[in-house]
Amino acid sequence: MQNRASLIVVLGTGGTIAGTAPSAADDSAYTAAQLSIAELLAAVPELASVPIESEQVAQVDSKDMSHAIWQALARRVAHHTARAEVSGVVITHGTDTLEETAYFLQRVLAPAKPVVLTGAMRPATSARADGPGNLRDAVRVALASGRVGRAGVVAVLAGQVHGARQVRKAHPTRLDAFDSGEAGPLGVVQGDGVSWRSDPADHAPAEAPCSAALSFDVARWPRVEIVVSHAGAGGAMVQALVGDGVQGLVVAATGNGTVHQALEAALRAAQAQGVAVRRSVRSGDGRVSGPGAAGLPGAGDLSPVKARIDLMLALMPSMPA
Ligand code: SIN
């Protein structure tokens, strides 16, 4: 449905986009999460004419992203997207776990308005900072999406729009570090608008929101960990995790979902003890389609980190006590 509201809410969570270095020549030795969201917005003069409200939800290097911040962020996004005057929400975020937060918010909220995550590969103090341009593009995408009634969580970086399910950080340093794998981006930022390449519905199944994560005590969120199948893999890590009370395990499997026999035996033993197990593939693209380790369910096209979120939400009681 077309949205005539024009207010954009920008939520800050930290990251390199808010990072500072001692010198403008320094693009790598910097401290993430230093500048406030108000300071980031002040560095983008093109946004001066756009009605914007901002709020600092967190201030972290996103390698340290926590479930508690995810819950607080999801609550703020839910609050703002429910306001009639709000057209969309933009979130500034570190790039390291941006893809996880994007997928988490999509699964928990399935928002009926655009929610756009953005970040930067260079700190705000860099003479060649990419953050201001990405923030400008993110606001433009939120406005353009609202105008044509496109909703849901996307990521906007280096001029491309990526869906929450597909987006991934594919390079540690390049300015265009993000892609959507073989699905390709949803669109490309062009001037004030977006040249859309496909519809979010073509990229992701419509899934009901797992809204329990908005209220369920974070300390009791199901514990789900990731193990990797590799040459010489064994079962010791799985056994240790089961002994430590893990409730779900995602294995980043080889090939089309195959698992080293020693690891597979440990995963089957864990499953027999009530631990939920999912197989995703470690190769980056494609989906688990072969029988692989039959009886250990596949995670479809989800990457290991997104399969972890999916399983954690699936294990969360839907009616929190
Ligand atoms: C972070 O993820 O917070 C640091 C790295 C980045 O934003 O590029």
inquiry  = Quick one, H93 and M65 - any side-chain contact, counting heavy atoms below 4.5 Å?
reply    = yes
inquiry  = Any non-hydrogen side-chain atom of V116 less than 4.5 Å from a side-chain atom of I91?
reply    = no
ask   = Under 3.5 Å, side chain of K113 to main-chain N/O of T81, donor-acceptor pair present?
value = yes
request  = Could you tell me the separation between the OG atom of S6 and the CD atom of E85, rounded to the nearest 0.5 Å?
outcome  = 10.0 Å
Flag, side chain of K63 to backbone of G94, donor-acceptor distance under 3.5 Å = no
ask   = Backbone N or O of M316 within a donor-acceptor pair of the W221 side chain at under 3.5 Å?
value = no
message = If we ignore hydrogens and angles and just use 3.5 Å, is the side chain of N134 paired with the main-chain N or O of A158 as donor and acceptor?
response = yes
message = Under a 4.0 Å threshold between the charged nitrogen and the carboxylate oxygen, would D192 count as salt-bridged to R140?
response = yes
key: Donor + acceptor pair across side chains of K169, T95 (<3.5 Å)   = yes
inquiry  = Closer than 3.5 angstrom, by distance alone: can the side chain of Q166 be matched with the main-chain N or O of L302 as a donor-acceptor pair?
reply    = no
request  = State which residues pass salt bridge (Lys or Arg N to Asp or Glu O under 4.0 Å) with E225; sequence neighbours excluded, sorted by chain then number.
outcome  = R223
request  = Return the minimal non-hydrogen interatomic distance between A21 and P123, and the atom names on each side.
outcome  = CB-CG, 4.5 Å
ask   = Quick one: does R279's side chain have a donor or acceptor within less than 3.5 Å of a partner on T258's backbone?
value = no
Side-chain donor-acceptor contact under 3.5 Å, T20 with Y30 = no
query = Atom CZ of R308 and atom CG of L313: how far apart are they, to the nearest 0.5 Å?
reply = 9.0 Å
ask   = Can the ring centroids of W70 and Y103 be said to lie less than 6.0 angstrom from one another?
value = no
ask   = Less than 4.0 Å between a side-chain N and a carboxylate O, is that true for D27 and R122?
value = yes
inquiry  = To the closest 0.5 Å, what do you measure between OG1 (T16) and CG (D96)?
reply    = 7.0 Å
query = In terms of hydrophobic clusters joined by side-chain contacts under 4.5 Å, are V77 and V57 together?
reply = yes
ask   = So, Q71 side chain and A213 main chain: donor-acceptor pair closer than 3.5 Å or not?
value = yes
key: Close side-chain approach of Q247 to V224, heavy-atom, < 4.5 Å   = no
Pair W196-R150, side chain to side chain contact (heavy atoms under 4.5 Å, CB included): steps then yes or no = CA-CA 10 Å; W196 297 107; R150 291 178 78 113; 3.3 Å; yes
ask   = Should L11 and V90 be marked as a side chain to side chain contact (heavy atoms under 4.5 Å, CB included) after you check the CA-CA gap, both sets of side-chain angles, and the distance that decides it?
value = CA-CA 6 Å; L11 306 177; V90 168; over 6 Å; no
Cationic N near anionic O, under 4.0 Å, E99 to R165 = no
ask   = So Q34 and T31, side-chain hydrogen bond (donor to acceptor under 3.5 Å, both in side chains) or not? Walk me through it.
value = CA-CA 7 Å; Q34 299 301 301; T31 309; 5.1 Å; no
key: Close side-chain approach of V275 to V246, heavy-atom, < 4.5 Å   = yes
query = Just wondering, do V189 and Q160 contact through their side chains at under 4.5 Å, heavy atoms?
reply = no
task = Ignoring hydrogens and angles, state whether a donor on the side chain of E55 or H80 is under 3.5 Å from an acceptor on the partner side chain.
result = yes
ask   = Out of curiosity, L35 CG to T92 OG1, how far, rounded to the nearest 0.5 Å?
value = 10.5 Å
ask   = Can you tell me how far CG of L98 sits from OG1 of T118, rounded to the nearest 0.5 angstrom?
value = 7.5 Å
query = Quick one: does S66's side chain have a donor or acceptor within less than 3.5 Å of a partner on I69's backbone?
reply = yes
key: Q261 CD: over 12 foreign heavy atoms closer than 6.0 Å   = no
key: Whether S54 side chain and I37 backbone form a donor-acceptor pair below 3.5 Å   = no
inquiry  = Under a plain distance cut-off of 3.5 Å, with no hydrogens placed, do E100 and T97 share a side-chain donor-acceptor pair?
reply    = no
Using residues 281-289 as the side-chain source, report each donor-acceptor pair under 3.5 Å to any protein atom, sequence neighbours left out, with the distance given to one decimal.
{"unit_1": "R282", "atom_1": "NH1", "unit_2": "S229", "atom_2": "O", "d": "2.9"}
{"unit_1": "D285", "atom_1": "OD1", "unit_2": "R168", "atom_2": "NH1", "d": "3.3"}
{"unit_1": "D285", "atom_1": "OD1", "unit_2": "E182", "atom_2": "N", "d": "3.1"}
{"unit_1": "S289", "atom_1": "OG", "unit_2": "N256", "atom_2": "ND2", "d": "3.3"}

request  = Tell me, please, which residues at least two apart from V188 pass side chain to side chain contact (heavy atoms under 4.5 Å, CB included).
outcome  = R197
ask   = Is V44 close to L40 at the side-chain level, that is, under 4.5 Å between some pair of heavy atoms?
value = no
ask   = Is the backbone N or O of D64 less than 3.5 Å from a side-chain atom of D61, with the two atoms forming a donor-acceptor pair by type?
value = no
inquiry  = With rounding to the nearest 0.5 angstrom, report the CZ to CG distance, R136 to L47.
reply    = 8.5 Å
